Amino acid sequence: MTKKTATNQENSKKQQLAAHTEDGRGQYLTTNQGVRINDNQNSLKAGARGPSLLEDFILREKLTHFDHERIPERVVHARGSAAHGVFQVYQSMANYTKAGFLQDASKQTPVFVRFSTVVGFRGSTDLARDVRGFAVKFYTEEGIFDLVGNNIPVFFIQDAMKFPDLVHSIKPEPHNEIPQATAAHDTFWDFVSLMPEATHMVMWAMSDRAIPRSYRMMEGFGVHTFRFINEAGKSTFVKFHWKPMLGMHAVAWDEAQKISGADPDFHRRDLWEAIEKGMYPEWELGVQLVAEEDEHAFPFDLLDPTKIIPEEMVPVTPIGKLTLNRNPDNFFAETEQVAFHPGHIVPGLDFTNDPLLQGRLFSYTDTQLIRLGSPNFHEIPINRSVAPVHNNQRDGHMRQTINKGIASYEPNTVGGGCPFQAKIAEGGFSSYPERVEAHKVRERSASFSDHFSQATLFYRSQSKAEQRHIIGAYSFELGKVNRVEIRQRMLGILAQVDKDLAQAVGENLGLEVPETPEQPINRGVPANADQTTYEPQSSKPSIERSPALSMLFTRPKKMGIATRKIAFLAANGVNDADFTQVRAVLEENGATVQVISPKLGTIKTERNEAIKVDHSFLTASSVLFDAIYVPGGAASIAGLGVESKAIHFINEAYLHCKPIAASKGVGSFLAKTALPTGILVGEDPGLILDEELSALKTAFVDAIAHHRFWDREEARNVPA
Ligand code: HDD
């Protein structure tokens with residue numbers, strides 16, 4: 001992440017939004033009709049103790065507007081956070097696409113990006129185990145392009161026909177609206193245990209990808225195969241990837257659950273604060289390109305959204321950079337009212353026949369009509385194109401545009417034939433003339449029926465720690481399922497993916513995995529179909545291992561500790577050198593230090609300097625920090641030693657495999673914690689407990705950059 005000057009943030013979209021931005025500072029309070037208000041405290045009454053009068057237009061207007069403040073939340077992805085930014089391509093992509101925003105390396109295209117969870121309601125927690133939405137609106141000079149993706153590169157289902165079933169199964173159960181923001185209940189696992197095509201995506205959702213440390217530290221994917229179209233009309237298949245410059249990092253599952261209590265806005269706050277500090281989050285846009293003639297060169301179908309193209313088969317080429325550099329001014333006006341749509345594309349891009357994508361092309365406009373209430377949702381400032389909009393669409397609720405002239409049809413002569421169609425050479429959009437010759441059928445292509453091999457590839461490509469977390473996640477989620485037959489059916493599916501995985505989960509659930517498990521039955525079959533044609537086909541993964549699938553094997557482009565949050569545990573009498581020197585080195589590296597003490601206010605150092613306390617142990621929790629440091633100072637150590645929450649703080653950070661540093665002389669306090677002593681400390685590079693100050697500083701910065709020391713999980717036995 002880099003610090004940028006404000007001038008980089010000036011762009012056509014910002015100027016457009018400025019015309020719609022209101023600022024009440026230094027202004028009179030008025031009604032919506034512009035009448036200045038003299039009394040905003042009392043309604044109009046017949047006598048001070050008398051009845052209120054219907055005539056009170058000020059009260060009526062205020063209450064009516066308030067009564068109508070809420071709009072329906074998104075049926076999925078209801079909870080989200082967004083930011084403005086820019087996208088810049090590295091070099092012209094003209095060989096593959098004529099899209100204007102991908103031609104010129106000096107051009108910055110304004111963007112608005114919304115991240116979201118999928119299942120929870122608007123007020124739910126950020127740290128749910130869930131897929132994250134990663135939706136990017138490009139305000140290009142040729143119109144709006146929305147890349148409406150997720151942080152997982154595949155989807156649960158292969159056909160949009162199943163989307164309402166999937167969502168109904170994962171949302172809270174309909175009779176009592178329990179549980180909130182989680183898949184861990186009977187209906188979801190009932191559904192996916194009957195639909196083997198979900199197996200691959202469920203595996204990703206049980207991995208650490210589903211509990212990211214930050215929106216800034218996760219990947220994004222366009223999921224479907226799209227098309228690039230160049231000036232000559234040639235098509236190339238393309239899959240889109242967003243790669244975070246900070247690398248990918250997760251929290252521990254136990255930690256995620258505790259963050260949900262301590263700070264349900266954890267991801268929202270993190271994104272907001274990073275941008276406010278000028279530490280702008282960045283991603284590279286990467287593409288996997290497949291020539292048109294290679295459409296059938298893979299052992300899976302490019303149109304099947306439950307499949308990836310392993311990066312080892314087709315590399316991801318970085319083509320540009322996304323930088324988020326400005327927080328929204330108003331959550332509702334921008335983040336809530338933004339309307340994404342995979343069907344918003346510009347010349348140079350086109351769709352494929354992926355049946356999930358095809359269904360999405362209908363669903364997103366339809367949903368905005370109920371959510372935003374009018375076909376004029378494109379006129380809401382955040383949704384407006386910066387390319388000029390001229391057409392003969394007219395009227396409707398809340399129409400903003402004042403269309404001049406009498407010709408609202410085409411062709412016409414009374415309006416001089418305007419607005420007129422654009423030739424392709426003038427930027428007119430034309431669909432790729434793909435040849436299609438087929439019977440009209442409701443069918444699933446046989447090339448979509450390998451449901452397990454990529455799930456196996458994913459599981460086998462994970463590190464030991466990541467596999468342990470996947471086993472833990474299945475055990476947790478299925479442990480919340482009440483019907484044993486559903487758990488058992490899921491074990492049957494897992495046995496198709498990896499026997500050891502099924503065995504480990506089965507053991508935690510107290511269930512047997514049969515020696516030769518039966519092939520799971522696909523229940524997602526039409527009434528008249530031949531069941532055998534829908535049976536899941538097991539085939540060998542096309543490659544044995546894909547290191548790119550592991551978060552831990554994938555190194556960040558920018559290693560470092562910028563924007564990490566470090567807790568300093570200190571009380572009166574803290575050692576000056578320890579405190580100031582370690583704080584200085586962390587802050588120089590872009591990290592944020594917060595001082596946690598038994599009480600709020602200030603503490604005094606050994607040399608009587610005052611230090612502001614950021615949180616007492618009452619409002620702070622170790623789960624909100626990336627690493628912990630305990631400076632020396634006899635009185636400070638004694639003060640912490642009588643604070644059970646300080647001891648718990650350390651134990652919990654240790655449990656969650658975080659870096660912990662303590663200066664020399666802190667031993668009496670550490671002895672009260674569950675940290676290992678002596679030789680065991682040396683075996684854990686995340687524990688820096690007995691170093692001189694200069695060595696401590698270097699080792700601590702390295703440890704924070706490493707993020708987590710998951711190996712600790714194997715041996716630990718921590719009372720936290
Ligand atoms: Fe969807 C929202 C991503 C399949 C129907 N979807 C929505 C958002 C994201 C995605 C990121 C939130 C956008 C925002 O921030 O406003 N959806 C995906 C991905 C999918 C996918 C990556 C599979 C590859 N979605 C999908 C299908 C359908 C929908 C198959 C229906 C046929 N999605 C919707 C929706 C939403 C939506 C109901 C809810 C709110 C909205 O559109 O604007 O129309």
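Only this structure's heavy atoms are used, side chains among them; waters, hydrogens and symmetry mates stay out. Counting convention: from 1, in listed order, for ligands and their atoms alike. Numbering starts at 1 and runs along the sequence shown. No experiment lies behind these values; they were computed from the predicted model shown.
- Heavy-atom proximity to Val76, at under 4.0 Å, picks out these atoms of ligand 1: 33 (N), 37 (C), 39 (C), 40 (C).
- Neither side chain, Asn383 nor Gln368, offers a donor N or O lying under 3.5 Å from an acceptor on the other.
- Using 4.0 Å as the threshold, Gly80 has no heavy atom nearer than that to any atom of ligand 1.
- The protein heavy-atom contact nearest to atom 22 (C) of ligand 1 is Asn150 ND2, 3.2 Å.
- Looking only at protein heavy atoms, the nearest one to atom 38 (C) of ligand 1 is Val75 CG1, 3.4 Å.
- Defined by atom type and a distance below 3.5 Å, a donor-acceptor pair is missing between the side-chain atoms of Ser449 and Gln537.
- Using a 3.5 Å distance cut-off with no hydrogens or angles, the side chains of His341 and Thr365 do pair a donor with an acceptor.
- Closest to atom 37 (C) of ligand 1 among all protein heavy atoms lies Tyr364 CE2, 3.3 Å.
- In this structure, atom 23 (C) of ligand 1 lies nearest to the protein heavy atom Phe155 CD1, 3.4 Å.
- Counting heavy atoms closer than 4.0 Å to ligand 1, residue Val148 contributes atoms from both its backbone and its side chain.
- Among protein heavy atoms, the minimum distance from atom 16 (O) of ligand 1 is reached at Arg74 NE, 2.7 Å.
- With hydrogens and angles left out, the side-chain atoms of Thr199 and Gln496 include no donor and acceptor closer than 3.5 Å.
- Side-chain polar atoms of His77 and Arg114 form no donor-acceptor pair below 3.5 angstrom.
- Not a single heavy atom of His341 sits under 4.0 Å from any atom of ligand 1.
- Relative to the six-membered ring of Phe340, Lys137 meets both conditions, a distance below 6.0 Å and an angle of at most 45° to the axis.
- Across Val111, Ile382, Leu324, Asp329, a single residue satisfies side-chain contact (heavy atoms from CB on, under 4.5 Å) together with His84, and that is Ile382.
- Given atom 43 (O) of ligand 1, the protein heavy atom at minimum distance is Gln368 NE2, 2.9 Å.
- Side-chain atoms of Gln16 and Arg384 include no donor-acceptor pair closer than 3.5 Å.
- Closest protein heavy atom to atom 3 (C) of ligand 1: Arg360 NH2, 3.3 Å.
- The closest protein non-hydrogen atom to atom 41 (C) of ligand 1 is Thr367 CG2, 3.3 Å.
- Near Gly133, meaning under 4.0 Å from any of its heavy atoms, are these atoms of ligand 1: 11 (C).
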